[in-house]
S.K.: 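Pasting in a structure now, in C-alpha cells, and then I'll have a few things to ask.
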Amino acid sequence: MRRQQCPCGDWKCYVSHEGDSEETSVASQLAKNDENSLNESMVAPYVGMVFKSDDDAFEYYGNFARKSGFSVRKERSRLSPQLGVYKRDFVCYRSGFAPMRKKPGGEHHRDRKSVRCGCDAKMYLSKEVVEGVSQWFVVQFSNVHNHELLESDQVRFLPAYRKIQEADQERILLLSKAGFPIHRIVKVLELEKGIQGGQLPFLERDVRNFVQNRRRAVQENDALLTEKRETDTMELLDICKATNETDEYFVYDFTVDENNKVENIAWSFPGSVHAYAMLGDVVYFDTTYRSITYGLIFGAWLGIDSNGRTILFGVALLQDETLRSFAWALQTFVHFMKGRCPKTILTDLDPGLGDAIRSALPNTRHVISVCNILPKLSGWFSLLLGSQFSEFKSEFDALCHVESTEDFELQWSQMVSMFGLGSDRHIALLYSIRTSWALSYIRGYFLARMATPAYLKSVDAFLKRIFAAQTCLRSFFEQVGIFSNLQNQPRQEMQYMHMKTCIPIEEQARRTLTPFAFNAFQRELVLAMQYSASELANGTYLVHHFKKMDGERRVIWIPDDEQLHCSCKEFESSGIPCRHAFRVFITKNYFQLPEKYFPSRWLRESSLAFFYDHDAQQNEEWIQEFHSLTERLFAESSITKERSDYIRKELTKELTRLLNEVRDMPESDGIAMDFTLSPTD
C-alpha cells in the first residue's frame with residue numbers, strides 16, 4: 001500500500017497520492033449513477049424470474065428491498081450430491097423470531113428487544129441446469145410485510161446498509177491512532193466530505209465497533225504476524241546467502257536488533273550493479289510503499305537507461321522511517337556500488353530522508369521533483385483557502401519556474417503574505433526544503449530527464465508490477481530478480497527516427513543517439529528555428545523568441561574549447577543541448593557538433609556496450625577455464641607422440657565447444673558473432 005502519513009509529521013494530517021482520489025471519486029460517482037439507474041428501472045421480483053447465480057439474485061433482491069424500505073438476509077439452503085446448493089431462501093430482515101439463548105451455565109442472556117416479528121416477505125430460488133448451464137429461478141415470492149416500511153432517508157440506517165468503505169476505514173484508523181475520540185473522528189469525516197451532521201452512510205456506534213474490532217484483531221494477530229515476519233525475513237536472508245554462494249557478484253547486507261532479529265535488509269543483483277556503473281549518475285530512491293503484512297518500508301533505487309526506460313539498481317526492506325534506517329540504506333547502497341556515489345538523488349517529499357542524505361551522501365545533490373509536491377497542495381490548502389485555492393495554485397506554479405533565488409525569496413514572501421499562510425506548517429515545510437525543489441536552487445543539477453511526470457508515472461507502474469500478486473518475501477525476492485534480469489536483456493529498437501529538418505546536425509544526432517535521446521534532441525533543434533541570436537561585443541549572445549520579448553537567454557561562447565554555456569542550463573540538467581545553444585551553433589555555421597555534446601549515457605554504442613559488459617564476467621570465466629585447460633594439456637603433450645596426438649584432438653573438441661557457446665549467444669541490436677574453426681589450424 002502507498003504510505004499516507006504526511007511529511008509534515010503531524011498524525012492528524014495525511015496525503016493521498018495522485019490518482020487515488022480521482023479513482024475514489026470516479027468509483028463513487030459510478031456507484032451513484034448505477035444506483036440511480038437501477039432504482040429507475042427496478043422491477044419487483046416475480047415467480048419465474050431467472051438469474052445467472054444466487055449471488056446475483058441476492059444482490060437484486062437487496063437493491064429492491066432498499067428501494068422499498070427494508071433489508072434482506074439469507075436464511076436456508078439445501079444441498080444435493082449432483083447439483084451442490086440447489087435451493088436458496090432469502091427473507092425479510094424481520095422474518096421469524098429471535099431464539100432464546102442461554103449462557104453455558106444455564107442462565108439466560110439479558111432480554112434484548114428483537115426486531116424480528118415473524119414477517120413473511122421472502123424470495124425462494126431453485127437451481128436448474130438448462131442445456132448445461134446452471135440458472136436460478138424464483139419459485140416463490142411474497143412482498144407482504146407485517147411491519148411498517150422505512151422511508152428512503154431512514155432505510156440507510158439499517159445494519160445491512162451501514163457499510164464503512166475501505167478509504168474511510170483507513171482514515172478512521174489513522175485518526176484513531178493519532179488519539180482522536182470517536183465523536184471527533186465522525187466530525188472530521190463529515191467536514192472532509194462536506195456533508196451535514198448525521199449524513200454519513202454509517203453511525204457513530206459503527207465507527208466505535210469497527211475501531212474496537214480492529215484493535216482486537218490486531219492484538220490477536222500481532223503475535224502471529226510477528227512470528228511470520230521473523231520466519232519470512234530469516235528465509236529471505238537465507239535466500240540471499242545462498243544466492244551469494246552461487247553468484248559472488250550478487251551483493252546483500254542486513255542489520256539485526258538487540259534481540260538478534262533481522263531489522264533491515266538490502267540486496268542488488270549483478271546486472272543492476274553493472275547498470276549502475278554506466279547509468280548511476282542519477283538515482284531515484286522511492287520509499288512510498290509499505291508492506292501491509294510485514295509493516296516494512298520498501299525502498300527501491302531506480303534509474304533511467306539510455307532508451308528512457310526505468311531500471312532497478314537495488315532494493316531494501318526497512319523496519320522504520322528513522323534517520324538511522326535511511327542512512328544505513330543509503331550507505332549500504334553506495335557500498336554495493338563499489339563506493340561510487342550518484343551525482344544527484346531524487347526522492348519524494350520526506351524531511352527525514354533528506355536529513356539522511358545530507359548525513360550519508362554529503363557530496364550528492366538532493367532533489368525533490370515538483371511533480372511530487374503539486375499533488376499534495378490540494379489536500380493541504382484547498383479547505384484552508386477555499387475559493388482562493390485556484391489563485392494560490394497559480395502563484396505556486398509561477399514560483400516553481402522562477403530562476404533567480406532573489407526573485408524566488410521575494411515572491412515567496414509576497415505569496416505567503418497575500419494568502420495569510422505565515423503560520424501554516426505545510427508552508428513552513430516547503431520553505432525549509434526549498435533548496436531541493438525550487439528551480440532557482442536546483443537549476444543545473446544533472447537529472448537525466450528523471451524529474452518529469454512521465455518518468456514518475458513509469459516508476460509507479462514499474463513498482464506496481466513488482467508488487468503484483470506477492471504473497472511472501474521469497475516470491476518478492478524472485479520477482480525483483482526477474483525484473484533485474486529482464487532489464488539487462490538486449491531489446492531491438494524498432495522505432496524509426498524521422499528527420500524534421502535538413503540540418504546536418506540532426507543527421508549526426510540520428511546516427512549517434514538512442515531514439516529516446518534523439519527525440520529530445522530533435523525537439524530542441526526544431527524549436528531553435530523560432531529564436532534569434534544577437535552577438536554582443538565580448539562574444540556573448542542574447543537569444544530570444546521571435547514573439548516573446550521577455551525571457552531572453554545569455555549564451556557564452558568559448559571558441560578555444562568550442563564550448564557554449566547557456567543561462568537556462570538545460571544541457572547541464574539533461575545532457576541534451578538546448579534550443580538557445582542550437583541557435584548559436586547554427587549562427588556560427590556548425591554542421592557537426594563536437595563530441596562533448598553527445599554524453600555517453602545517451603549514445604547508441606553505450607547502450608550496446610552495457611549488454612556486452614553484462615556478459616563480461618561470464619566471458620572472463622570461459623577464458624580462464626580455457627587457459628587452465630590448455631596449459632594442462634600442453635604439459636602432458638610433451639611426454640610422448642601418442643599423447644601429443646590425443647591432446648591435439650581433445651584440444652580441438654574443447655575449443656569447438658567454447659566457440660559454439662559464444663556463437664549461441666543472443667544477438668544484440670542486430671550484431672551477431674560468427675566464428676569458424678579451420679581444420680588446418
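This is a predicted model, so every value here is computed, not measured.
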S.K.: Give the C-alpha distance, both sets of side-chain angles, the deciding distance and a yes or no for ring pair (Phe, Tyr, Trp, His ring centres under 6.0 Å) between F521 and W602.
M.R.: CA-CA 10 Å; F521 185 100; W602 300 130; over 10 Å; no

S.K.: Regarding E562 and Y590, is there a side-chain donor-to-acceptor distance under 3.5 Å anywhere?
M.R.: yes

S.K.: Would you confirm whether E506, through its side chain, and T501, through its main-chain N or O, come within 3.5 Å as a donor-acceptor pair?
M.R.: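 Side chain of E506 to backbone of T501: a pair is present.
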
S.K.: Measure from NZ or CZ of R434 to the centre of the six-membered ring of Y431, then state whether that distance is under 6.0 Å and the direction lies within 45° of the axis.
M.R.: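 Geometry flag: set, cation within 6.0 Å and 45°.
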
S.K.: Should we say atom NE2 of H565 is surrounded by more than 12 heavy atoms from elsewhere, each under 6.0 Å from it?
M.R.: yes

S.K.: For a side-chain contact (heavy atoms from CB on, under 4.5 Å) with I368, tell me which candidate from L430, L353, I442, I373 qualifies.
M.R.: I373

S.K.: Could E192 and R171 be called an ion pair, given the rule that one side-chain N must be under 4.0 Å from one carboxylate O?
M.R.: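 Looking at R171 together with E192, the answer is yes, because their closest N to O distance falls below 4.0 Å.
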
S.K.: Determine whether the aromatic ring centres of residues F333 and Y276 are separated by less than 6.0 angstrom.
M.R.: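 Yes, they do, as the ring centres are separated by less than 6.0 Å.
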
S.K.: In chain order, what residues pass the side-chain hydrogen bond (donor to acceptor under 3.5 Å, both in side chains) check against R449, with sequence neighbours excluded?
M.R.: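 Once residues adjacent in sequence are excluded, R449 has no partner under the side-chain hydrogen bond (donor to acceptor under 3.5 Å, both in side chains) criterion.
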
S.K.: Considering only NZ, NE, NH1 and NH2 on the basic side and carboxylate oxygens on the acidic side, decide whether D348 and K376 come within less than 4.0 Å.
M.R.: yes

S.K.: For a quick check under 3.5 Å, do S306 and T514 share a side-chain donor-acceptor pair by atom type?
M.R.: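 There is no such pair (donor and acceptor under 3.5 Å, judged by atom type) between the side chains of S306 and T514.
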
S.K.: Tell me every residue that passes side-chain hydrogen bond (donor to acceptor under 3.5 Å, both in side chains) with Q414, counting only those two or more places apart in sequence or in another chain.
M.R.: none

S.K.: Check this for me, if you would: do E403 and K569 make a salt bridge, where the nitrogen-to-carboxylate-oxygen distance has to be below 4.0 angstrom?
M.R.: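 The answer is no: the pair does not qualify as a salt bridge.
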
S.K.: If the test is side-chain contact (heavy atoms from CB on, under 4.5 Å), which one of I357, I345, D350 qualifies with F285?
M.R.: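 Going through the options one by one, the only one that passes is I345.
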
S.K.: Which residue pairs satisfy the salt bridge (Lys or Arg N to Asp or Glu O under 4.0 Å) criterion with at least one member in residues 513-532, sequence neighbours excluded?
M.R.: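 Applying salt bridge (Lys or Arg N to Asp or Glu O under 4.0 Å) to every pair that reaches into residues 513-532, excluding sequence neighbours, yields E524-R579.
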
S.K.: Which residues pass the side-chain hydrogen bond (donor to acceptor under 3.5 Å, both in side chains) test with D253, sequence neighbours left out?
M.R.: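 side-chain hydrogen bond (donor to acceptor under 3.5 Å, both in side chains) check on D253 returns nothing, list empty.
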
S.K.: Can you confirm whether or not the ring centre of W437 sits under 6.0 Å from the ring centre of F396?
M.R.: yes

S.K.: With distance as the sole test, does D561 use its side chain to make a donor-acceptor pair with the main-chain N or O of Q563 at under 3.5 Å?
M.R.: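 Judged by distance alone, no pair lies under 3.5 Å.
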
S.K.: When you look at CZ of R443, are more than 12 heavy atoms from neighbouring residues, nucleotides or ligands closer to it than 6.0 Å?
M.R.: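 Correct, the count exceeds 12.
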
S.K.: Hey, could you give me the CG/CH2 distance between L385 and W380, rounded to the nearest 0.5 Å?
M.R.: 13.5 Å

S.K.: Could you list all the salt bridge (Lys or Arg N to Asp or Glu O under 4.0 Å) pairs where at least one residue sits in residues 355-373, not counting sequence neighbours?
M.R.: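 Found D355-R358.
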
S.K.: If only atom types and distance count, is the side chain of T344 paired as donor or acceptor with the main-chain N or O of V282 below 3.5 Å?
M.R.: no

S.K.: Taking all heavy atoms of D305 and all of R601, pick out the closest pair and write down the distance.
M.R.: O-NH1, 4.2 Å

S.K.: Of all residues at least two apart in sequence or in a different chain, which pass the side chain to side chain contact (heavy atoms under 4.5 Å, CB included) check with A451?
M.R.: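 Scan of A451 (side chain to side chain contact (heavy atoms under 4.5 Å, CB included), adjacent residues dropped) gives L346, S369, L447.
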
S.K.: Please determine whether a side-chain nitrogen of the Lys or Arg among D320 and R290 lies less than 4.0 Å from a carboxylate oxygen of the Asp or Glu.
M.R.: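 No.
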
S.K.: Given the side-chain rings of F462 and F483, with only the six-membered ring counted for Trp, is the space between their centroids under 6.0 Å?
M.R.: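 Yes; F483 has its ring centre under 6.0 Å from that of F462.
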
S.K.: Indicate the ring-plane relationship of Y455 and Y284, choosing parallel, tilted or perpendicular according to the 30° and 60° boundaries.
M.R.: perpendicular

S.K.: Mind checking whether Y531 and F546 have ring centres under 6.0 Å apart?
M.R.: no

S.K.: Does any N or O in the side chain of S176 come within less than 3.5 Å of the main-chain N or O of I172, such that one atom is a donor and the other an acceptor?
M.R.: no

S.K.: So, N264 side chain and Q319 main chain: donor-acceptor pair closer than 3.5 Å or not?
M.R.: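 Looks like yes, one N/O pair under 3.5 Å.
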
S.K.: Using a distance-only test with no angle check, is there a side-chain donor-acceptor pair under 3.5 angstrom linking S440 and S404?
M.R.: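 No donor-acceptor contact under 3.5 Å links the two side chains.
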
